[in-house]
Amino acid sequence: MSNHYIEVKNLKKYFQTPGGNLHAVDGVNFTIDKGKTIGIVGESGCGKSTTGRLMTMLLEPTEGEIFFDGKDITKLTPKEMVEYRKKIQIIFQDPFSSLNPRKTVFHSIAEPLEIHKVYATKAEKENRVYELMELVGLSDRFVNSYPHELDGGRRQRIGIARALALSPEFIVCDEPVSALDVSIQAQILNLLKKLQLQFGYTYMFITHDLSVVKHFSEEIMVMYLGQMVEKAPVKELFANPRHPYTQALLSAIPVPNLKKKKERILLQGEITSPINPRQECRFAARCSFATEQCRKEVPDITDLGGGHSVRCLRIHEI
Amino acid sequence: SQGTASQGNASNGNAAGPKSDISVVLTKIGNNLDPAEANSLDTSTIMYHVYDTFIKFDNDFNIIPGVAKEWSQPDNTTIEFTIGEGYKFHNGDPMTIEDVVFSVERLAKVPKKAAFMSMIKSVEASGNKVTVKLTEPNSGAIRNFGDVFIVSKKYLQEAGEKYANAPIGTGPYTVTEYVPGSKVVLKAWADYPFDKTKIETITFKAIEEASAKYIAVETGDADFAGIGARDKSRAQNNEKLAYFEGPSTFTGFVAMNTTKEPFDNVNIRRAMAYAYNNEGISAITPGKTIIDSMVPKMFSTYHSSPNLPKYDLQKAKELLEKEGFHAGNPLRFTAWTYQGNDPELEAFQAELKTISVEMDIQNLEFGVFLEKMANKEYQLLVGGWSDTTGNTLSSLESYWSGSFGQMNITFYTNPKVEELYAKVKAATSEAEMKEAAKEIQDIAAQDVPMIPTATKMSYYAMNKNLENVQIHTSGLVSFRNASIK
Amino acid sequence: MGRYILKRLAQMIPIVIGVSIIVFLLLSLSPGDPAKMILGLNAKEQELQMMREQLGLNDPIPVQYFNYMKKVAVGDFGTSYSTKQSVIEMIGVRLPPTLILAFGSLFTILIVAIPLGIALAVKQNSPFDNIMRVVSLFFAAMPGFWSGILMIILFSVHLGWLPANGFDTPSAMIMPIICSSIAGWAVNSRITRASMLDVIRQDYIRTARAKGLKESIVIRKHALKNALLPTITSVGMAVGGCFGGSVIMEMLFGINGMGKMMIDALRQKDIPTIMAGVIITSVIIAVANLLTDLAYSFVDPRIRSMYARRKQRKEVAGHGAN
Amino acid sequence: MQKKLLEIKDLTIKFHTDDGVVEAVNKVSLTVHEGETLGIVGETGAGKTTTALGIMGLVDCPPGRIEGGKIMLDDRDILQLDEDEFRKLRGKEISMIFQDPMTALNPVFTVVDQIAEVIANHQQLGEKEAEQKAIEMLELVRIPAERAYEYPHQFSGGMKQRVVIAIALACNPRLLIADEPTTALDVTIQAQVLELMKDLKTRSKTSMILITHDLGVVSEICDQVAIMYAGEIVESGSLEDIFENPLHPYTNGLFGSIPDIDKEVEFLSPIEGLVPDPSDLPKGCKFHPRCKYAQHLCSVEEPVFQEYSPGHYAKCFVYEGKLPAKEVKKYE
Amino acid sequence: MAQIDLTLAPTGKKKSKKRSLWADAWLRLRKNKSAVAGMIMLATILIVIYSSPLYLDYDNDVIKPDLTQTLQFPAKGKLLGTDELGRDVLARILWGGRISIGIGVLAMMLSSIIGCTLGAISGYYGGKTDGIIMRSLDVFMAIPSLLLMITLVSIMKPTITNLIIALAIGSVPSVSRMVRAQVLYIKGQEFVEAIRAQGASDFRIIVMHILPNAISPLISQFVMEIAGLILAISGLSFIGLGVQPPDPEWGAMLSSGREHIRDVWHVTAFPGIALVLTVVALTLVGDGLRDALDPRMKR
Ligand SMILES: Nc1ncnc2c1ncn2[C@@H]1O[C@H](COP(=O)(O)OP(=O)(O)OP(=O)(O)O)[C@@H](O)[C@H]1O
Ligand SMILES: Nc1ncnc2c1ncn2[C@@H]1O[C@H](COP(=O)(O)OP(=O)(O)OP(=O)(O)O)[C@@H](O)[C@H]1O
Ligand SMILES: [Mg+2]
Ligand SMILES: [Mg+2]
């Protein structure tokens with residue numbers, strides 16, 4: 001038992017598929033301190049969202065423990081779970097599909113208040129809804145609007161207001177801006193940041209956009225095919241990426257800056273199937289440094305100190 | 001009435017024209033070709049081409065020779081038949097006297113013939129004579145032999161259950177194809193020992209819809225069909241078709257269960273009879289003529305009783321009021337039918353409504369209908385039957401306790417009627433029979449367990465070139481002598 | 001694929017058992033005494049009792065069912081109560097017309113509705129489209145027996161082109177088939193039209209156009225195959241309907257088919273016939289569903305590869321290794 | 001300066017929908033020279049795809065209609081061509097890569113079929129030869145020949161996009177329009193595809209229009225850039241012009257919205273407000289409701305698209321001299 | 001950090017009511033010419049038919065035979081002629097519509113209640129529950145529905161209630177399947193997960209969130225299913241198992257008049273036309289609803 005606010009130990013989620021066990025999340029460990037943000041990046045399908053869902057207990061983990069404020073939430077009874085739900089919230093990637101198309105803005109935001117019967121009177125509830133709308137910068141003339149009548153930015157604000165309704169402590173942001181326009185994206189990122197400063201939220205920020213995550217978080221975990229491949233404080237990771245995948249990822253970001261053009265590391269080949277993966281380094285198929293050994297054993301995590309750890313066999317050679 | 005729809009000269013026996021094929025539409029084709037099981041006119045029509053019967057009837061129900069060339073009743077419990085010579089079965093076996101006796105005796109095992117068999121004590125043969133001993137005097141018994149088809153003992157015993165689908169007889173036609181419920185193809189039997197038939201194949205097929213039957217003839221798909229009254233004028237005016245109409249033995253009725261409320265009360269039954277607008281209702285279906293007795297008009301024993309209530313709503317109302325039924329306490333009951341939409345019953349229903357009688361109509365599956373009827377479960381039902389043997393007795397059976405659930409579906413019983421019925425049965429002379437039958441009809445008209453409603457004309461349309469088709473009053477049709485011009 | 005078909009065929013067994021249980025139960029609950037139906041109203045109670053014993057009707061319903069199914073399992077569907085014929089023989093005679101009627105109308109639906117639907121989609125909102133929409137609505141709304149009667153009057157009586165009755169010659173089959181498929185033409189051409197319009201909006205159609213292909217090729221080659229799935233579904237689902245609906249066509253046109261047999265059997269409480277009829281019909285419907293699914297996989301490779309899933313996975317794994 | 005390949009003048013495309021008229025493309029003028037890559041940048045609904053479809057002659061009609069302007073390919077106005085002539089241009093002279101590789105391929109045909117089709121369509125080749133050539137194209141986009149007979153669903157997103165590229169390039173078009181070719185792809189896969197496109201471009205000297213909302217991608221491969229906002233080009237110029245010296249407040253705002261990977265800021269400086277409703281565009285300058293520097297003039301009068309320095313155009317009153325220049329600041 | 005300590009005074013005022021999804025659909029529906037035509041047709045039919053008790057007397061106009069006036073051709077006073085019992089065909093069509101449409105609507109409602117429940121449970125919970133429900137429905141699907149209805153009706157007596165039940169049972173499997181498919185699709189959308197993340201119970205999720213979304217695209221199908229059911233009743237009437245006399249019902253009228261269609265066509269033709277018009281109207285409205293509720297039509 002440590003004194004971290006959130007501690008995840010050996011988290012695993014396998015999905016049963018017709019083709020076999022799909023290792024969506026395969027033994028992930030990390031910790032988050034109160035009021036801090038961890039960024040999770042990685043290729044599509046590497047298990048980011050699954051990790052997020054596990055954190056909010058929308059999925060039952062196959063294995064592993066999630067300690068929240070010292071309590072293992074994977075072992076809660078359904079009753080306790082309802083209480084826990086108030087403290088942990090999630091904001092989804094696609095603000096349109098994450099809102100009930102047949103509920104007005106008001107009802108979408110009021111929904112959690114109604115579920116938990118937080119307010120005794122209607123008036124209190126209404127006040128709270130208007131308060132939340134104000135907070136996320138939604139004009140109150142939208143109370144009776146439907147999601148399809150609003151644009152992406154406003155929709156995402158509803159999603160945020162809803163997540164804030166029960167005064168949570170920990171919010172999983174599952175790609176909250178990737179469906180938005182660049183100009184709106186910045187508005188939302190600013191809002192989230194402001195809220196964190198104001199209320200001290202702890203965030204888990206999932207994205208595939210490294211520049212966003214760099215802007216947003218203190219620590220970054222890079223995932224590949226369900227496993228953590230590298231984890232480090234933001235500056236350390238960008239300054240000193242050690243895993244070949246992280247290196248490729250960083251170099252692949254197109255930078256809107258003419259002066260700072262850098263050499264690309266191009267990955268060859270396709271992502272391997274996460275179904276019944278073999279006993280090997282999962283990145284080996286695309287790694288230009290891979291050796292025979294990489295194709296035979298699963299690399300362990302090497303702690304490089306300073307919160308920097310890497311999963312690579314040849315970490316000391318490259 | 002002359003029952004032969006003959007056009008031009010009847011052809012001379014031997015001057016056979018070209019052999020030809022015809023197709024005949026019937027309403028239903030039975031599921032079984034065993035003549036003992038045959039219980040519809042349509043099946044019997046087919047059977048008469050394949051088999052021969054003891055005796056036959058002319059259009060006035062006088063007995064004429066069949067396999068039996070002569071018959072006599074030496075006393076009132078004995079019938080003697082003299083069987084003709086030269087009959088052969090389709091498998092080539094000659095018809096023997098044992099076959100004839102067997103044909104009667106086997107009916108003992110057929111539940112549907114139980115009533116008939118209960119009249120017979122023994123059947124014996126000697127030479128070409130068959131002697132039937134009756135259990136009791138029965139004036140009508142001999143007529144039942146018009147329904148007894150001669151089968152081959154040997155073949156039937158060999159065939160067992162299969163017989164129902166591949167029968168053989170002594171008639172001029174053999175069954176070459178049989179699809180139960182749909183189609184029977186008969187072929188002229190080459191070795192038929194008597195006058196050769198002129199029609200080579202007769203295909204009987206089933207069409208239920210009256211209009212479709214006519215269309216089949218009209219379009220030339222079929223050469224002969226009994227048609228609905230609505231197509232009568234069309235058939236008459238169609239130059240390509242010959243048309244024929246004649247009376248039938250069909251007897252329609254409203255039956256009331258005398259063992260069940262409210263019809264165990266004779267006044268209510270009479271009220272129903274008064275309320276039945278026979279004139280009006282019969283007019284709904286063209287070709288219907290009202291009747292006033294359960295005995296068909298062409299039978300010698302027919303009697304029109306003055307006791308039978310005639311349509312008079314006022315009287316009906318009075319009777320009902322007498323029994324305590326009025327607008328404040330309407331009489332309610334359920335009527336059963338199995339015919340789908342029955343406009344006549346609907347008309348009756350509406351008529352009753354005007355004198356505050358609430359009659360529900362329920363349409364039942366035929367099987368359910370029959371069962372409920374036999375179980376005395378019903379209150380009132382409508383139906384009708386036809387007679388093929390001209391047997392007064394079976395018409396009168398509707399009032400006889402010996403026939404509960406069979407002909408007597410109202411379970412009506414009256415000691416006087418029982419007595420009279422016995423008299424008719426034992427009658428040795430026509431006059432005696434007529435007298436007793438008249439009395440029964442008078443009593444029945446008074447007690448009205450059944451309201452006789454209407455009979456209907458039969459209409460036929462056929463290919464103009466088809467000649468010498470014999471259409472019997474009973475509805476049986478014979479192509480034995482028919483030919484194509 | 002073969003394994004898949006076998007698996008699907010195996011899945012039919014519980015369905016058939018379910019169907020037989022339900023129908024058996026319904027029949028046992030329904031009024032009417034088969035013994036009486038067989039022996040007639042004149043039968044004596046003693047004879048009825050003997051007949052019931054002989055038919056096993058005195059056993060508890062589950063035992064009756066079990067005994068019945070035991071026979072069915074070895075292919076013995078029994079003898080009809082009313083015709084005394086072997087039920088299999090009866091069905092052998094009646095199934096072909098019903099199958100011809102059902103599949104004939106399915107076939108005509110396909111060959112009429114698909115081209116029509118395509119034409120309507122291509123000419124969307126044209127007068128042709130609008131008129132056909134109204135016309136097809138009328139056809140879809142007409143009860144089968146009504147259009148049947150009208151057709152008989154027109155084609156048999158007035159024009160004398162087609163026989164009004166029977167089902168033994170090709171010309172006699174025309175009207176019943178058209179009659180039972182006419183609503184299907186209407187419905188399925190609408191479905192094809194809708195799915196065609198849907199497909200035409202897809203990106204890959206734009207890709208095809210961007211290749212500079214002729215519009216007719218874009219429609220015939222690229223759009224059609226994709227647009228077929230909903231029509232196939234609907235036509236596949238119609239198989240059951242065809243069997244049920246054919247009762248009316250059989251009665252109207254005097255066809256000696258399964259539908260009429262079943263109705264007659266129901267009237268006579270001819271349990272062996274009803275049971276066998278229902279079981280065989282349900283098997284045919286299940287097979288038709290299977291065929292529908294196979295037709296899917298013929299049209300759509302994505303579905304095809306789902307059937308061959310295991311093999312596919314191995315290949316993917318193989319790719320991952322090199 | 002090279003020869004002009006494509007010149008668009010005052011192209012106007014409107015959609016007549018139930019909810020009113022959408023002015024998707026409003027008096028857009030663009031020029032693409034031979035061998036050059038033009039990037040069109042803009043947010044959702046800016047009219048980028050519609051412009052491209054206009055060039056392809058594939059605007060959905062109805063509800064879309066080209067209501068004005070010229071599209072000159074060499075010296076021909078292709079809007080004047082009849083459908084059959086236009087059809088012959090498509091896939092051969094101009095081809096297009098669509099936004100979403102997942103849906104751009106027909107799921108029921110093998111990939112090689114889909115490539116061979118365009119080859120057979122434009123070149124007098126037999127089936128076998130077209131197929132042979134298609135396989136070559138596949139190899140060119142680095143898809144092994146043995147996978148040619150597979151169906152699109154068996155391919156990953158990146159591979160599908162490469163197939164789409166192969167289709168577009170199969171007949172060596174002179175102009176390639178790539179509509180957000182990498183948006184649906186992962187970063188590492190995106191890098192592969194971009195690299196491939198750059199490579200092909202240098203090899204075949206094809207002119208290209210690259211549509212994107214990602215300024216990073218633009219900086220990677222474009223020579224010229226046009227910024228679109230609400231159906232209009234608000235700024236255009238060379239890559240350097242736009243990146244080093246953005247003029248229009250919207251362009252500036254775009255740069256401010258992107259977190260810079262090399263900079264640390266607490267808060268980003270986004271463009272406030274939202275994209276306007278396309279069927280109900282504001283009067284005057286379409287950007288004025290969101291513009292920090294908007295004056296009264298901006299809401300009544302529409303600015304003119306003006307050349308500020310050679311080849312660098314912008315649509316803002318500041319550059320017409322109607323508003324004081326100092327107000328518009330460069331992004332930090 | 002229990003409560004957000006924002007002291008901003010909530011404005012409290014609400015903007016005037018915005019149009020709802022349904023209002024939106026209504027607007028789109030109004031723009032759809034054929035749907036409007038259908039609605040006008042349907043409204044006319046329903047108003048005329050359902051107000052018939054106001055101007056028709058059941059006992060005297062609808063069921064009372066006049067045996068002197070049978071099978072009269074259309075003429076003044078009896079605009080659509082009389083039937084074989086001399087009853088006014090027009091009066092019977094009007095009254096019969098109450099029954100035909102009433103049965104169709106009630107049967108549809110019953111089957112959609114059952115179908116929605118089964119479909120929702122099956123789709124939402126999946127797994128074994130789904131397996132059991134779907135396999136049982138497969139069984140019902142495998143029995144031709146007309147046959148099933150005939151059997152049911154003959155077991156239960158052909159009263160109107162039983163007809164409704166039999167028709168409903170016949171259409172439950174297909175309704176359940178449609179609902180299930182929708183539920184499966186909606187269940188996969190993120191908003192359901194979002195609501196679960198807030199701690200909502202399954203019941204609340206299904207009833208408040210999934211079903212409203214699942215049903216609206218199906219409403220048009222439900223409307224058209226009514227048409228199918230009315231046709232099914234007429235099929236049952238054809239075999240004599242439909243509505244029992246003297247109540248008029250279109251299918252029964254249609255099939256009882258078929259014997260004389262060549263002489264007195266009006267007895268069959270007019271109920272047939274009434275039926276066809278209603279079905280057409282229902283279909284047009286259903287089509288219109290489908291388009292109006294189609295999410296792709298939304299901006
Ligand atoms: N319910 C599920 N059943 C089966 N497989 C699933 C399920 N949810 C996710 N997966 C699989 O688990 C793997 C990880 O999925 P996940 O959604 O967590 O990825 P991700 O990193 O969020 O990807 P993206 O960037 O595309 O959102 C994928 O291969 C996905 O197909
Ligand atoms: N078929 C159509 N019918 C009606 N409006 C349309 C249609 N196609 C596009 N529009 C409208 O035209 C405008 C421009 O759309 P367009 O697709 O060109 O934008 P875009 O810049 O490509 O956006 P994105 O980045 O989302 O692809 C939008 O407002 C869009 O709603
Ligand atoms: Mg995800
Ligand atoms: Mg676009």
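Side chains included, hydrogens not; waters and symmetry mates left out as well; all remaining heavy atoms used. Order of the sequence lines fixes the chain letters, A, B, ..., with proteins taken first and strands second; residue numbering starts at 1 for each chain.
Enclosure of atom CZ in C/Phe128 by more than 12 non-hydrogen atoms of other residues, nucleotides or ligands within 6.0 angstrom is indicated. At most 12 heavy atoms of other shown residues, nucleotides or ligands fall within 6.0 angstrom of atom CZ in C/Phe139.
When heavy atoms are compared at a cutoff of 4.5 Å, C/Leu266 approaches chain E solely by way of its side chain, counted from C-beta outward. Heavy atoms of C/Ala140 lying under 4.5 Å from chain E belong exclusively to its backbone. Proximity to chain C involves both the backbone and the side chain of E/Thr268, based on heavy atoms less than 4.5 angstrom apart. Proximity to chain C (any heavy atom under 4.5 Å) is restricted, for E/Leu148, to the side chain, taken from C-beta onward. Contacts between C/Ile263 and chain E at a heavy-atom distance below 4.5 Å involve the side chain alone, from C-beta outward.
Inter-residue side-chain proximity for C/Ile22 and E/Val139 is flagged as met; some heavy-atom pair is nearer than 4.5 Å.
Distance CZ/C/Phe138 to CD1/E/Ile273: 9.0 Å, rounded to 0.5 Å. With rounding to the nearest 0.5 Å, the separation of CE in E/Met141 from CG in C/Asn289 is 7.5 Å.
Of the listed residues C/Leu150, C/Ile153, C/Ile284, the one with more heavy-atom pairs under 4.5 angstrom with chain E than any other is C/Ile153. Comparing E/Leu152, E/Asp287, E/Leu275 by how many heavy-atom pairs each has under 4.5 Å with chain C, the most go to E/Asp287. Counting heavy-atom pairs closer than 4.5 Å to chain E, the top residue among C/Asn130, C/Val16, C/Leu137, C/Ile21 is C/Leu137. Of the listed residues (E/Asp138, E/Val279, E/Leu254, E/Thr283), the greatest number of heavy-atom pairs within a distance under 4.5 Å of chain C belongs to E/Leu254.
C/Met142 approaches E/Val276 most closely through the heavy-atom pair CG-CG2, 3.8 Å. Here the closest heavy-atom approach between residue E/Ala142 and residue C/Ile285 is recorded as O-CD1, 3.3 Å.
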